[in-house]
Amino acid sequence: MTVWVSLAYLVAAVLFILGLIELSSPKSARRGNQVAAVGMVIALGATIPLLHFTAAGIIITIIGILIGVPIGAIGARQVKMTAIPQMVALFNGVGGGAAAVVAVSELLLKGSHPAFAVAFPSVFSIVIGSVSFAGSLIAFSKLQALLTGTPITYPGQQIVNGVLALAIVALSVYLIAVASTPIIFVPLLILGLVLGVAFVLPIGGADMPVVISMLNAFTGLAVAASGFVLGNFALIVAGTLVGASGTLLTKLMSDAMGRSLGNVLFGAFGTVTAGPAGATSAEGKSVRSGTPEDIGTLLAYSRKVIIVPGYGLAVAQGQHAVKELADELEKRGVEVEYAIHPVAGRMPGHMNVLLAEANVPYEQLKEMDQINDEFKSTDVALVVGANDVVNPAAENSPGSPIYGMPILNADQAKNIVFMKRSMRPGFAGIDNELLYDPKTVMLFGDAKDSLMKLVAAVKAA
Amino acid sequence: MTVWVSLAYLVAAVLFILGLIELSSPKSARRGNQVAAVGMVIALGATIPLLHFTAAGIIITIIGILIGVPIGAIGARQVKMTAIPQMVALFNGVGGGAAAVVAVSELLLKGSHPAFAVAFPSVFSIVIGSVSFAGSLIAFSKLQALLTGTPITYPGQQIVNGVLALAIVALSVYLIAVASTPIIFVPLLILGLVLGVAFVLPIGGADMPVVISMLNAFTGLAVAASGFVLGNFALIVAGTLVGASGTLLTKLMSDAMGRSLGNVLFGAFGTVTAGPAGATSAEGKSVRSGTPEDIGTLLAYSRKVIIVPGYGLAVAQGQHAVKELADELEKRGVEVEYAIHPVAGRMPGHMNVLLAEANVPYEQLKEMDQINDEFKSTDVALVVGANDVVNPAAENSPGSPIYGMPILNADQAKNIVFMKRSMRPGFAGIDNELLYDPKTVMLFGDAKDSLMKLVAAVKAA
Amino acid sequence: MNDSSLLNEFTIFVLAIFIGFEVISKVPTILHTPLMSGTNAIHGIILVGAILIAATARDPLQIVLGLVAVILATINVVGGFVVTDRMLEMFKGRQPAKPAEKTPPEKTAG
Amino acid sequence: MNDSSLLNEFTIFVLAIFIGFEVISKVPTILHTPLMSGTNAIHGIILVGAILIAATARDPLQIVLGLVAVILATINVVGGFVVTDRMLEMFKGRQPAKPAEKTPPEKTAG
Ligand SMILES: NC(=O)c1ccc[n+]([C@@H]2O[C@H](COP(=O)([O-])OP(=O)(O)OC[C@H]3O[C@@H](n4cnc5c(N)ncnc54)[C@H](OP(=O)(O)O)[C@@H]3O)[C@@H](O)[C@H]2O)c1
Ligand SMILES: NC(=O)c1ccc[n+]([C@@H]2O[C@H](COP(=O)([O-])OP(=O)(O)OC[C@H]3O[C@@H](n4cnc5c(N)ncnc54)[C@H](OP(=O)(O)O)[C@@H]3O)[C@@H](O)[C@H]2O)c1
């Protein structure tokens, strides 16, 4: 490796770091991604011209790139905004797969009895890379509804997974310490793939963003390990950055959901016990339901309305309708703000992305801490397709699965309107007593339909 | 260098980083310093046993350490809390000097025509290290009042300094590119010392904390350069950490004073134009002055008092008296809080350290942003030896040297009491119209004396 | 690979861990998803590794592995950056801190 | 010193810059002075360099330089850590987040 290539790698590494720094702040995030992309181009540009390609080598490199570019670009361009998590899972998975394949190839080249400094990172890269590949594909399938989103569990599953993991460790040790034929890496690869599948199957669909983030960190570490094998520090720096930042991000994401990472990964929690919960809870409690006209009038003559968007708004694709309603209310002099709970929706930032798409001005999007004190001076809290994020059980029933999660204080508003299709619970599968509050009015129906009706009602009011 | 030494250095580097991380949070800061100290012990412990000492070498190492330890320890133990900045300057200066000496020795060893990779960092280390050494000594002398704290200026000074800097650059280039005899490093060393002196002389005593922080970053960089010369990455990591963090810290410190770093270094601002300002400002404006008894009664029958401590409190060593007054008021049911401006006093955190010494509970110390809204519901703002930090000129006179600095809203309190010795201005040398506000009462005298009188008055009330 | 270069790589690895942690420790929730996606693109650097092994491919096994590695890694890089950009595109213009002052004030208050 | 080790050192240098900046970017004003003092102690690592050159001293010039370097660096290390510790000692116990609950509540409010 010449000095110039190394310097180019260093520049690339610096650009990755700068990109990551910019990515962590909303204002510069987009530029950050572009900065990292420039780093990537530099790293590739410095590598390619200096290689001594075989004839086959140059052909497969070109063909590979010609196949990969359109797949990546078209996939990324055409995916719907709501399907982004599964797309990220897919792109992450192929990265993990590539790392595993690179490690296998490198070991085949080195022949029998590679040095520990090569064997160890290679084995690591193969195992982690294949776990990430298979796990990401399962995550994709769950989110894309190719597989059921509910946890797939069976008795003794933890034990099976534990045995699988042990087998991998044993095989790895054997390989590094004893084995002489490289071909034994094939069973390792296969075991890694099986573990990846087995590991993600019992995790609920809505926990997938956390899992994807973790697999993303895995791929980063696999890439760093490949960097050790190849003695290439651009791979080491970039892979490690992703491994470290991804690990922390995974923790931050599960924290934001008010749960531990262990609970997300091994809790098999996330089963939406929809039917029964709805049935049992209705007993003995009365629910008040309103017509769009009633509620439209209530909104039109309010001084201040806070909109609490949730997962249902995304399902109903009602972001444009909600913006229209807000505009209509503002025309009449009503003050409108949006209260964004950190885990509203199904991926972090989901609501922000969704409402941004509908051009809701940024200033109106308020984070939980900013707005929680304002509910008490609010006339109407309009809860659109949200549920868990306003459930008082998080504050007052210690047994509840969401106990301890901070919630939006919608219950302090003078009136609460819930727009959802039924009395069914949300993601956490638990009943919400706020639905039965005397201050609450239900507006049943698909969020988008109901919103359109409200717009009409406000116009008429 | 064996693998084990390298690993020990890596551990030391990690401990330095962890220490720095902990140092940046009040809760863990002390442990952070200890963690870094452990790192230092490990780095030293790994280095010494493996060296092949000459007889002279072992003797001077032992003698050097035996001389250095008591000087450092006793100096650090005995210094008064208020004299800490100059002590830090001194310790920083000797570090810079050591870096320069190490670089000179190393170059003498390498003989004529050292490689660029040695010559360049050596020259850098010599220049920066000697600037830091001499500059720190001047900073020390100014703060210790061995030299006048006011800027020492003369016409054409900037030009002289510029020529000095240019001469150093020219000599450095000559050395690296042409010179063959190592002895030519002596003039370079001397020029560096002269520049250090010339550079710090025109800076006012009160700006010294910023200058010391900058020289601290300089020493860090000089140490990192020595690391390059010696091929020792413990020095590189530690020195660079200090260089980078010190640079940012320097910027943060001058930002907190509402000034640019350039203005601090080259503004020759800080001349306290005490006499004239006091004289001219009195014209035509009337000042109300009160007796300790009046003010004691006012305080005793208030509901809420906010104390605004400033540099004068440190000068008067009145921290215990102010705590006594606060205790006395609390006994009577008055709510007491302290409003700490980021640049109150003469070093960052000055007031916190001072009040901590008097065991003022941490919860009562409020940062500017936390407390600024509370002044309007406060009966008395008791301004003890502070001036600039409550000067409304920062908000409403664009020409003022402190214009743009955020201030404490003492002017919004129902009553304002100023405890100072005269009508003289504070550090920025500008008049404070709040002294002439109808709501303001002056209590002239040394802060500590006045505070003791107030305690007596409150007891009597 | 000798000891000293391994140690150097290990040092770089350790320092990069700190950078990764420190940078992310300040990130707001709203950026979790774009950040996940952006870092996902960065580990696409494995394409450099893929090309390194593909370049010297001679026998059929090497050719197949090389081709697979290059395809997968390319999808990772290209898809990763593009999808992140799309996601972040929607954040733009929403914080027109300075420009906003020129446009008529939002009707937020009324 | 060959190119590759210089490059490695340079890489480490660059990464350390990022760490230094990132760590400090979050520090509250109240810690500026202790932090200045704490980092001051860390650059006392020059003592390692001083000992390295002192160890092999033979002629009088080397002996003088080595002695001076060791003395200065030792003062830096020892003084730096001790003075920082003294300064930070006074911060302790002022944030008794948990313990405070056991002691009778402060009279802050009245
Ligand atoms: N943001 C993240 O990163 C993330 C990741 C994983 C998990 N989670 C979890 O997801 C939950 C988020 O809370 P949330 O309040 O946003 O959602 P939620 O608690 O899951 O509630 C969503 C509600 O929307 C309603 N809904 C669904 N489709 C609708 C439609 N077409 N029209 C109208 N309403 C519809 C559903 O009720 P009906 O069926 O009666 O209509 C449901 O009660 C939290 O428990 C959080 O921990 C978040
Ligand atoms: N904190 C830092 O890091 C730092 C560093 C460098 C510069 N500065 C600058 O220092 C200033 C700090 O503001 P400040 O309000 O704390 O101080 P200040 O504006 O300098 O005012 C201090 C006041 O205390 C009075 N005083 C002095 N000795 C006294 C005594 N023994 N008893 C009673 N009063 C006494 C003085 O008035 P009399 O003479 O009339 O008594 C003076 O007006 C800012 O301008 C800041 O930019 C701060």
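Just so we're on the same page: letters track the sequence lines, and every chain starts at 1. These numbers come from a predicted model, not from an experiment.
Interface remark: of the candidates B:L90, B:L241, B:I63, B:L241 forms the most heavy-atom pairs closer than 4.5 Å to chain D. Per-residue counts of heavy-atom pairs under 4.5 Å with chain D were compared for B:I71, B:I67, B:L235; the largest is that of B:L235.
Summarising the geometry of B:G64 relative to D:T74, their closest heavy-atom pair is O-OG1, 4.1 Å, with the distance given to 0.1 Å. Closest non-hydrogen pair, B:A43 versus D:I45, comes out as CB-CD1, 3.6 Å. Closest approach of D:N76 and B:G95 over heavy atoms only: OD1-CA, 3.0 Å. Here the closest non-hydrogen pair linking B:T61 and D:A55 is OG1-N, 4.4 Å. Among all heavy-atom pairs drawn from B:V101 and D:A69, the shortest one is CG1-CB, 3.8 Å.
Remark: the backbone N or O of B:T54 is not paired with any side-chain donor or acceptor of D:R58 at under 3.5 angstrom. Judged purely by atom type and a 3.5 angstrom limit, D:N40 has no side-chain atom pairing as donor or acceptor with the backbone of B:N216.
For the atom pair CG of B:L249 and CE of D:M36, the computed distance is 7.5 Å after rounding to the nearest 0.5 Å.
Proximity to chain D (any heavy atom under 4.5 Å) is shown, for B:L20, by both the backbone and the side chain. For a residue to count as touching a neighbouring chain, one of its non-hydrogen atoms must lie under 4.5 Å from one of that chain's; by this rule D:V48 touches chain B with backbone and side chain alike. Of the two parts of B:A73, the backbone and the side chain both hold a non-hydrogen atom closer than 4.5 Å to a non-hydrogen atom of chain D. For D:I53, the part sitting under 4.5 Å from any heavy atom of chain B is the side chain, from C-beta outward, and nothing else. For B:I17, the part lying under 4.5 angstrom from a heavy atom of chain D is the side chain only. If you measure heavy-atom distances from D:L15 to chain B, you find no contacts under 4.5 Å at all.
By the 4.5 Å heavy-atom criterion applied to side chains, D:T56 and B:L51 are not counted as neighbours.
Using the six-membered ring where Trp is involved, D:F13 and B:F228 have ring planes that are perpendicular, over 60° apart on the 30 and 60° scheme.
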